[in-house]
Engineer: 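Handing you this structure, nothing more for now.
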Amino acid sequence: MIERDFFLQPTTEVAKQLLGLELISQTPEGLTSGRIVETEAYLGSDDPAAHSFRGPTSRTQTMFGEPGHAYVYFIYGMYTCINVVCGPVGTGHAVLIRALEPLEGVEVMRHRRGREKLIDLCSGPGKLTIALGISLDDDGRDLLTDKKLQLRSAEELNFKIATSARIGITKATDLPYRFYIKESEFVSRV
DNA sequence: GATTGGATCGCCT
DNA sequence: GGCGATCCAATCG
């Protein structure tokens, strides 16, 4: 079981420790889940690339709320991305979940994605929200108590963590805040 | 009130 | 490797 304090560790540490955990979504179409294999840390007012850099706005309210909640936002006119809020209330830190290794509900994911290959189901932040049926309505859910979206600690896994610059941003492109499971084939990029 | 750009993806060449 | 799709919301005036 994951405790609230888990999300009060330094945000880059949370980003690394989320690797290997299972993200679960329960909807009327069925249960879908995947192992987190890629994350990015966003550090609030210390991080020009973070949505929360310039303080709270209507979009980023949940980023400044209680840690352990889901910050879901809409991007590029057609995609949503899911983050886990980190740090004390008011700091605006979060970890973006960028890729999953599909575990449960693969057929439901195939249907939602319109793709057959496992590797195409959750290998990007916009893909995995489609595969798990996550939408803007899920913004603010508490991942420790919610019925639909949950985090589950997985069995002990042995893997190496790789680090890189974050993907798709135009500011603070030099910071090494992207983390992924080195030997995983389900990441968005190598 | 209008403009602009975005933590992406998939199809095209 | 390049670009168009598509729309919310932050920012500016």
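Naming convention: chains lettered A, B, ... in sequence-line order (proteins, then strands); numbering from 1 in each chain. For the numbers below, each heavy atom of this structure counts, side chains included, while hydrogens, waters and symmetry mates do not.
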Engineer: By the definition side-chain contact (heavy atoms from CB on, under 4.5 Å), identify the one residue from A:Ser123, A:Cys122, A:Pro102 that meets it with A:Phe186.
Structural biologist: A:Pro102
Engineer: Starting at the 5' end of nucleotides 5-13 of chain B, put B wherever the base has a protein heavy atom under 4.0 Å, S where only the sugar-phosphate does, and a dash everywhere else.
Structural biologist: -BBBSSS--
Engineer: Minimum heavy-atom separation for A:Met109 and A:Leu103, please, with both atom names.
Structural biologist: CE-N, 4.4 Å
Engineer: With C1' as the reference atom in both, quote the distance from C:dC3 to B:dG5 in angstrom, rounded to an integer.
Structural biologist: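 One C1' to the other, the span is 16 Å.
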Engineer: When you measure from the side chain of A:Asn83 to the backbone of A:Val85, do you find a donor-acceptor pair of N or O atoms at a distance under 3.5 Å?
Structural biologist: no
Engineer: Respond yes when some side-chain nitrogen or oxygen of A:Thr57 is under 4.0 Å from OP1 or OP2 of C:dA10, and no when none is.
Structural biologist: yes
Engineer: Is there side-chain contact between A:Phe6 and A:Leu18, with at least one heavy-atom pair below 4.5 Å?
Structural biologist: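 Counting from C-beta outward, A:Phe6 and A:Leu18 do come under 4.5 Å.
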Engineer: Return the pairing partner of C:dG13 with a 3.5 Å limit on both distances, Watson-Crick or G-U wobble; otherwise return none.
Structural biologist: none
Engineer: Would a distance-only check, ignoring hydrogens and angles, find a side-chain to backbone donor-acceptor pair under 3.5 Å from A:Arg152 to A:Glu22?
Structural biologist: no
Engineer: Given A:Glu38, which of A:Ile167, A:Ile181, A:Leu100 fulfils the side-chain contact (heavy atoms from CB on, under 4.5 Å) condition?
Structural biologist: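 Exactly one option meets the side-chain contact (heavy atoms from CB on, under 4.5 Å) with A:Glu38, and it is A:Ile167.
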Engineer: Determine which nucleotide pairs with B:dA7, using a 3.5 Å limit on both distances of a Watson-Crick or G-U wobble pair.
Structural biologist: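 Paired with B:dA7, as far as the under-3.5 Å criterion goes, is no nucleotide at all.
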Engineer: Return the nucleotide paired to C:dT6: Watson-Crick means purine N1 to pyrimidine N3 with N6-O4 or O6-N4, wobble means G-U with N1-O2 and O6-N3, both under 3.5 Å.
Structural biologist: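 Per the H-bond distance test, none.
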